[in-house]
Amino acid sequence: MRIAIIKILAHQTWVNLLKSRATIGLMTLISVLTLFALFTGSKNYKVQKETQMTYRKMVRDNWENSPDKHPHRMAHYGYIAFREKHPLCIFDFGMESYTGNAVFLEAHKQNTVNFSESSLSTGILRFGEISVAMILQTLLPLLIFFWGFNSIAADRENGTLKLLLSQGIRWTELILGRALGLFAVANMVFSMAWMSSLVVLLENIFIRSAPIEMSYLYHFGILNFFYALYLFIMSLLAVVISAKSPNTKSALTKLIGIWLFFSIILPRLSQALGQSWHPAPSKIAFETAIETELLQKGDSHNPDDPYFKTFKDSVLRAHKVSSIEGLSFNYSGLQMKEGERMSSEIYLKHQHNLMKIYEKQLNTGRYLAFWNPFMAIKHLSMALTGTDFNTYKHFQNAAEIYRYQLAQQMNDWQIQYIRNKKLGEKDKPYFISKAFWKQFPDFQYHFLSLSQSLKNELLSAITLIGWFIGLLVWVQLMSKKLKPIE
């Protein structure tokens, strides 16, 4: 295989495509759409971030400035954790519009993440959103197929293919040269997209002084590598189908069918199969199962509950006292602490089982991605931009850990500072100083690292690399059987 011949063929393909006004027009249109998607994504990110910072400060101020009160009342007063947007969501919106942005954290209860954009919209989101990722994943491959359907089939139709092969050009050189030329044209649009995205990302880092780690640039670099690999796969596939087709009409029909199969049919099919094979319980059924098991185990708010009656007796025996008043610490706080431990344990068990069902649904799409590079790049793109299900699940887990720590800290303060003596009618309610509230830290969330994101989508990365290697092998094998006239 001669590199010089491949370069000549690639340059020829690139020049011929750029001579066409249709090509220039389509490139201009797709570039304008890309800039528009980046502008709207960046504006939405900035507005959401500023709004979250405002309300996050308000929540913290209200928490720290709460008056002196009983710790358990403060545990029920609760806290609000906000799910920050990943800086790279300007590139790929992913699941951002369908997952909530804030969750109320309180004792004895795990609430869902609420206030998603889809729940607050008028329904226009069901028609999809224009993002840079959507353009590169869906629209640009369609243009590649449109530019490449006649790359070899047209030469076969007009008889120039015989001439090319008779001059000593090999099939592998011809296919790879045309594919590289096609990729070079697509790369002009792709380069504009990633350079514009990089400018916006750097603006957020250096100009707006946003708390963005430099590691996100590594995310962005790996992301662009996989997108370049994906676009080359699409370019090579277009030329291979053109080489295998007897005429341009047949090549165009096949490529449009492949595009529909990749971007519409198989994704919808995988979603339907995943939900059918692994049905998830409804929200009501999920919460009912937790409540039922919790009531069977023990209710810390019920003084006649058998479990906590036994628990109280064991505490009294361990401290060799006959009544709660004889204890040197607040028994009610200890009971609340045990109840919180039990309820959290039950919730996490059910939550883990639910997440396993959702993971199985998503894995259906990952396994079908062996037949569809579009789904592979989609999963990788969402993972590296922090807009995938795993990032959302990671936030949920972090918020639950914070909620549990908050509730147990209030219980510890109750155990330590609240007396066991029952209040009389004229006694003031027990309370602790509001200075304690400042001791409990604010909620801080850290996104998944690059290694964690890649680990979660290792199958998708292997799929893309497998498609690349598989197509190269196919080109080598089919070159021995291809003929100038089909």
Side-chain angles (χ1 to χ4, degrees), residues 1-28 30-31 136 140-195 221-222 224-245 248 251-252 255 373 377 464-486:
M1 191 164 54
R2 295 161 295 182
I3 303 298
I5 298 297
I6 294 176
K7 288 183 179 179
I8 292 172
L9 290 169
H11 183 264
Q12 182 189 41
T13 303
W14 182 73
V15 170
N16 289 338
L17 282 174
L18 292 182
K19 284 181 180 179
S20 171
R21 290 184 178 179
T23 300
I24 299 300
L26 289 172
M27 289 176 65
T28 303
I30 205 79
S31 298
L136 297 179
L140 190 53
L142 182 60
L143 291 185
I144 290 174
F145 287 172
F146 176 75
W147 292 329
F149 78 94
N150 62 351
S151 56
I152 293 180
D155 291 331
R156 178 176 282 117
E157 279 185 334
N158 58 33
T160 57
L161 183 56
K162 277 185 177 182
L163 183 61
L164 285 171
L165 296 175
S166 65
Q167 292 177 344
I169 296 177
R170 300 164 189 166
W171 273 108
T172 52
E173 295 169 346
L174 179 62
I175 293 173
L176 290 177
R178 293 287 166 82
L180 284 171
L182 187 57
F183 172 70
V185 175
N187 193 53
M188 294 176 68
V189 178
F190 172 58
S191 298
M192 185 278 300
W194 76 258
M195 288 179 65
I222 299 295
N224 284 300
F225 166 76
F226 280 112
Y227 265 105
L229 184 62
Y230 170 70
L231 294 176
F232 181 75
I233 289 172
M234 294 294 104
S235 301
L236 187 56
L237 183 61
V239 177
V240 167
I241 296 300
S242 182
K244 290 283 290 183
S245 301
T248 54
L252 182 60
L255 288 171
I377 189 62
L464 275 181
I465 296 172
W467 266 85
F468 172 71
I469 296 174
L471 280 175
L472 292 178
V473 172
W474 189 25
V475 168
Q476 189 67 31
L477 294 175
M478 68 182 287
S479 63
K480 301 175 182 179
K481 300 179 181 180
L482 287 174
K483 299 177 182 178
I485 301 177
E486 291 289 339

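Throughout, residue positions are numbered sequentially from 1 according to the sequence presented.
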Are [X] and [Y] packed together at the side-chain level, in the sense that at least one heavy-atom pair is separated by less than 4.5 angstrom?
X: F468; Y: I465; result: no
X: W14; Y: L180; result: no
X: F146; Y: L142; result: no
X: M188; Y: S31; result: no
X: Y230; Y: P141; result: yes
X: K19; Y: N16; result: yes

Where do [X] and [Y] come nearest, in terms of heavy atoms and distance?
X: L165; Y: I169; answer: CD2-O, 3.3 Å
X: A238; Y: L255; answer: CA-CD2, 3.8 Å
X: T13; Y: R178; answer: OG1-CD, 2.9 Å
X: T172; Y: S479; answer: CG2-OG, 3.5 Å
X: W147; Y: N150; answer: O-OD1, 3.4 Å
X: F183; Y: S235; answer: CA-OG, 3.5 Å

Which residues pass the ring-ring contact (aromatic ring centres under 6.0 Å, His included) test with Y227, not counting sequence neighbours?
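So Y227 forms a ring-ring contact (aromatic ring centres under 6.0 Å, His included) with F91.
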Can you check side chain to side chain contact (heavy atoms under 4.5 Å, CB included) on W171 and I152, steps first, answer last?
CA-CA 10 Å; W171 273 108; I152 293 180; 4.1 Å; yes
Kindly determine whether I144 and V185 satisfy side chain to side chain contact (heavy atoms under 4.5 Å, CB included), including the steps that lead there.
CA-CA 9 Å; I144 290 174; V185 175; over 6 Å; no
Could you check I5 against R170 for side chain to side chain contact (heavy atoms under 4.5 Å, CB included), going step by step and ending with a plain yes or no?
CA-CA 9 Å; I5 298 297; R170 300 164 189 166; over 6 Å; no
Side chain to side chain contact (heavy atoms under 4.5 Å, CB included) evaluation trace for L472 with L236
CA-CA 9 Å; L472 292 178; L236 187 56; 3.9 Å; yes
